[in-house]
Amino acid sequence: MIKVNLSDLDDINLTTKLPSANDVLSYDSTQSSWVPKSLSIDSAVSKPYVIDLATWNIKNDGTSSAATTKGINDALVWASSQGITHCLLPNGTYTLKIDNTSFSCLLIPSRMHFEMADGCLVQLEATSSPWYRIFSLKGTSNSRISGGTVIGDKKSHIYQLAVKFVRGGVNPDGSLNANPNFIRSEVVDRYSNPGLLKSFRLWSMTGVSSTGYSFFQYKDTVSSSTLAGSRTNGLFAPASPTGRGWFAEIENANKMIFTIDITSSPLTDDQIAQLAAKVDSQNYTHEWGHGIELAGANHIQIDNVDISNCTGDAIFASWFEYKLNPADYTQDQMGSHIYIHNCDLHHCRRQGISIAGSNDVTFTNNKIRYIGRADDGKTEDGTAPMFGIDIESMWSETNIPTWRPELNQAGFELNTRIYIRDNYLLNNNRGHFVNADGIYVTLDNNTFEGYNVGGISSYLNNMYVKYLNNTMISCELTVKGDNFVDGALCTNGNIKIADIAGAVITNSKVVNGLFYGSSTYGYFGTPTVDLATGTFTFSTPHGLGNGAKVIFEQWIGKVPAGASVDKLYYTVNITANSFQVSETLSGKPITITDIGTNGFNLSRYNYGRCYISDITVERDWRADNSLSPNFQLLLTGGILRNITVKNFEMDIRTPANYAGRPITIDGITLIEGGANFEACNLSNSSFLRAKTGILGGDIALGSNDARYTRKVIADNCLFQNVGINYNGNVTNNRSTLINSSIGKTDSTTIAVVTNSYLENTKINLHWLTRDKSVTIAKCIFNNVTTDINANTRMLDNLTL
C-alpha cells in the first residue's frame, strides 16, 4: 500500500475549499485540479452537516454566550462557503448574546436550512436593548429554520439602569475634578447596555433641584485624551421625553459620565450616596425584541419551532431597510413567499407574529397563545397591541411608493396575498387577529378562543379580505368595510358589524352570543338647503372630499327642483359640513330653483351596502322574558335574508329621522323572542312562541316616536302565539295570525292590515282616539274577538 498526502499531489486543490461530503473530490476543469465536491441540495436535505461544537467553540450547557453565538455564526458562514445548505445544531442548551451594533444573535445566510435537533433549546442572555432578533434573516432568500425551542429574555430583561453618584465634576476637557458643587455619575458602559443607551434619557431625582445635566463620552477609558464629546444642555426626563445620542460609533464612544450642578440644592455626602438616577431608553416600551426577524427576506420557511418570552414578537416579517431615496426601493426588498407552519408562539410581550410588509405569506397549523400575558395565562404582562397576528406595514408612515387599489395608487406590493389557515389562537391579551392594511387576506378554518378577548377584524379600506369557516369561542369577530364572511361559528362569542361598506356575512351561527352593530357608512340624510348658492349643509361632518359621488333620493319628501334622482353627482366646494354638487367631476355647481320638500335624502351613491344572510343566533333555553336583544342592528338600507333567532330578542332599526332606502328583510324566523322593526320591508317571516309572551307585546312594527315616521311593510308573515303592536305607519298584507293579539299605541301613525287570515286572535284597539288609526280590510276571521271603537275601520272582512 502506498500512503501519500493529497496536498502533495500537483492536481489536488485543498486550499480554496476544505473537504466535505465524505471527502469526495470532483475534477474542476477551470482549475485543472481535483477539488472537494460541493453538496447538492438533495444530499444536504438527506444528510445535514452536524455542527461540531468543539471545532467552533460552542457550548451546549447554557454557558459562554458570546463564544457560543460567535461559534454558531462562524459555523454557518463556513458551511455556506462550502456549499452546505443544511446544518443541524445538536440537542442541548445554547445561550446567545446580541451583537453590540446589529442587536442580532444568529445570522441565517441564504440557501441555508438551519435545523435544531429535538431537545435543542436556544435562549437569549438578559439584555437591556429595546431591539433584538435572536434569528436575523435580512435580505435572506431560500432558507429555512426548523425545530427546537427559542426563548427570549422577557423574564430577565433590563428596562432601565440605576446610576449612582459621587461628589465632584468633570472639566471641559473631560478630566475629572473635585468641585464640591457638582456630582458625577459612575461610569456608564455602553457595551454592557448598547441598545438601552443608544438613545438614553436621564431622569430627575428627588432632592436635586437642577433642571438639567451635562454628559461626557469617552473611548474605552475616562481621560482628557479619550474624550469623544460632551454636552452641557441635557434636560431631565420625564419633563423632556426625548433621548440623547452618542458622538460616535460604539467602538469610539463607549463610556459616559453624567454631571449635575447642585449649587442651588447642596447635598451631604450621605445624601449623595443615597442617590440613584434612572437611565432608560427613549424607546422605553422595549417592544422590538423578536425571536425571528425577517427583513426583505424571500422564499423562507419556518416550521416546528417553539418561540416564547420575547419582549416583542415571536416572529416579525417586514421590508428590508429604510432608503433615503424612494427610487432605491425594489419589490424584492419588501419580502415574499414566507411559509410558517406547525410553530408554537406564546407568552411574548407584544405580538405572536407581525406581518409588516411581506407578501405571499402562508401561515398554517400554528398555535399562538398567551401573547401579552404571564405564565399564569391571565395576568397582563405585555405592551400594546398584544395580538396573536397583526398585519400592519404602516406603509403610510414610510416613504415607500406603495400600491393601494382603494386609492388608485401605483407602487410596490406590501402585505398582499396572505393566507392564514388551520391555526389555533388562545387567550391573547387584547385580541387574536387584526389586519390594518393587508390586501387579498384569507383566514380559513382557524379557531380563536379567549374569554373577554376581542379583536378579530380587518379595517375599513382593506380590499379582498375573506373569513371562511372560522370558529370564535368567547371572543368577537368585527366585520368592517368590504370584508367577506362565510361560515363563522361563534360560541359564547359575538359577530359585530362596524363601518360596513359592502360586507357580506353569510352561513354563520352564534350560540349564547351577540350579532350586533351599526352600518351607516355613507348615509347623510336630509340637509339644510341654501337656495341662493345651491349649498347643502348637514348637522355633522360628512367626511367627503371634492369629487365624491353622491345621489338624491325621495323615499319621503321631494328633492329640490333642478336636482334629479336619476343622476349621479360629484361634490364641489366642500366644507366640513357642507358641499355643492355638480353633474361632472370638478364641474360647475347645479342650479336649484326651490329647496324641495323636507325628508329627501342626499348621501354617498353607494350607501347601505350591508348584506347579511343565513344567520342563526340562539341559546338553548330562556328562563324568563328579560329583554335580550342579541340580534341588534342599526342599518341604512341593508339587506337581510334567512335569519333565525331563538330565545333572544331582535331589534332592527334605522337612525332617527331616517330618509334613505328601507331595510330589506326576507325570511326571519323568530322563536320564543320579541322583535322591533323600523323602516323595514319585511317578508316571508315567522314569529313563534309557545311560552308566555312579553308583557305589552312581542312584536313591534314601527314606533310612535316622532323621530321614526317611516313605513314598515310586512308581507306574507306568520304570527303565532305572539302579541303584535302596530305602533308605527304599518302595512301588513297577506299574513297569518294564530292565537295572537293585535295592539297599537294611540298616536298619529296609521296601520293597515289586509288580505290576511286571523284565527283565535284578539284585536284590542278600544283606546284609540284618532280617526282611521287602524284599517283591517279583506281579511278572514276565525274565532276572532274585537275590542275596538270607531277609530278602527273594519272593511270587507269575512268571518268563518
Side-chain angles (χ1 to χ4, degrees), residues 97 100 125-130 153 155-248 250 252-286 311:
K97 182 181 182 68
N100 288 322
E125 178 181 81
T127 177
S128 61
S129 177
D153 73 329
K155 295 182 179 180
S156 57
H157 190 79
I158 301 165
Y159 293 92
Q160 62 189 51
L161 307 177
V163 177
K164 301 292 289 182
F165 286 82
V166 297
R167 190 181 299 279
V170 178
N171 296 315
D173 67 354
S175 60
L176 307 184
N177 63 48
N179 189 332
N181 295 319
F182 281 80
I183 56 175
R184 67 170 176 262
S185 72
E186 60 187 308
V187 177
V188 179
D189 187 346
R190 186 178 174 191
Y191 277 121
S192 298
N193 302 279
L196 183 146
L197 293 175
K198 184 176 181 180
S199 182
F200 60 86
R201 303 187 302 182
L202 180 67
W203 286 63
S204 61
M205 294 174 285
T206 302
V208 177
S209 61
S210 176
T211 59
Y213 61 91
S214 300
F215 61 93
F216 300 78
Q217 294 172 356
Y218 304 85
K219 173 179 169 57
D220 298 332
T221 60
V222 174
S223 71
S224 58
S225 62
T226 62
L227 182 67
S230 65
R231 289 287 184 274
T232 60
N233 59 350
L235 298 175
F236 291 114
S240 178
T242 304
R244 304 303 298 261
W246 290 77
F247 299 112
I250 191 168
N252 294 316
N254 48 56
K255 306 290 185 181
M256 181 166 57
I257 291 177
F258 298 104
T259 64
I260 303 172
D261 186 343
I262 60 169
T263 303
S264 60
S265 53
L267 298 171
T268 67
D269 290 344
D270 287 343
Q271 289 173 324
I272 294 171
Q274 297 300 314
L275 293 177
K278 173 181 170 181
V279 175
D280 71 355
S281 172
Q282 176 179 308
N283 305 97
Y284 58 90
T285 61
H286 289 240
T311 55

OH/Y284: more than 12 non-hydrogen atoms of other groups inside 6.0 Å: no
Salt bridge (charged side-chain N to carboxylate O under 4.0 Å, His left out) partners of residues 161-185, not counting sequence neighbours, each pair once: R167-D269
Side-chain donor or acceptor of N177 paired with backbone N/O of G169 under 3.5 Å: yes
Interatomic spacing from OG1 in T226 to NZ in K219 - rounded to 0.5 Å: 9.5 Å
Steps toward side chain to side chain contact (heavy atoms under 4.5 Å, CB included) verdict (L275, L267): CA-CA 10 Å; L275 293 177; L267 298 171; 3.7 Å; yes
Straight-line distance of S128 OG to L161 CG, nearest 0.5 Å: 6.0 Å
Steps toward side chain to side chain contact (heavy atoms under 4.5 Å, CB included) verdict (K255, V188): CA-CA 6 Å; K255 306 290 185 181; V188 179; over 6 Å; no
Between S265 and S209, a side-chain donor and acceptor under 3.5 Å: yes
Heavy-atom donor-acceptor pair, S185 side chain to F258 backbone, under 3.5 Å: yes
L176 and N171: CA distance, side-chain angles, deciding distance, side chain to side chain contact (heavy atoms under 4.5 Å, CB included) verdict: CA-CA 6 Å; L176 307 184; N171 296 315; over 6 Å; no
Contacts of N233 that satisfy side chain to side chain contact (heavy atoms under 4.5 Å, CB included) - sequence neighbours left out: R231, R244
Flag for D270-T268: side-chain donor and acceptor within less than 3.5 Å: no
N/O donor-acceptor pair under 3.5 Å between Q217 side chain and G245 backbone: yes
Polar side-chain atom of H157 near backbone of T127 as donor-acceptor pair, under 3.5 Å: yes
Side-chain donor or acceptor of S240 paired with backbone N/O of A237 under 3.5 Å: no
Test of ring centre spacing under 6.0 Å for F200 and F215: yes
Salt bridge (charged side-chain N to carboxylate O under 4.0 Å, His left out): pairs with one or both residues in residues 276-285, sequence neighbours excluded: R201-D280
Qualifying residue for side chain to side chain contact (heavy atoms under 4.5 Å, CB included) with Y218, from N252, V187, L227: L227
Derivation of the side chain to side chain contact (heavy atoms under 4.5 Å, CB included) call for T242 and Q282: CA-CA 6 Å; T242 304; Q282 176 179 308; 3.6 Å; yes
Side-chain donor/acceptor of Y213 to backbone N/O of D261, under 3.5 Å: no
Minimum heavy-atom distance between G229 and F247, given as atom pair plus value: C-CE1, 3.0 Å
I262 backbone acceptor or donor facing N181 side chain under 3.5 Å: no
Heavy-atom donor-acceptor pair, N254 side chain to D220 backbone, under 3.5 Å: yes
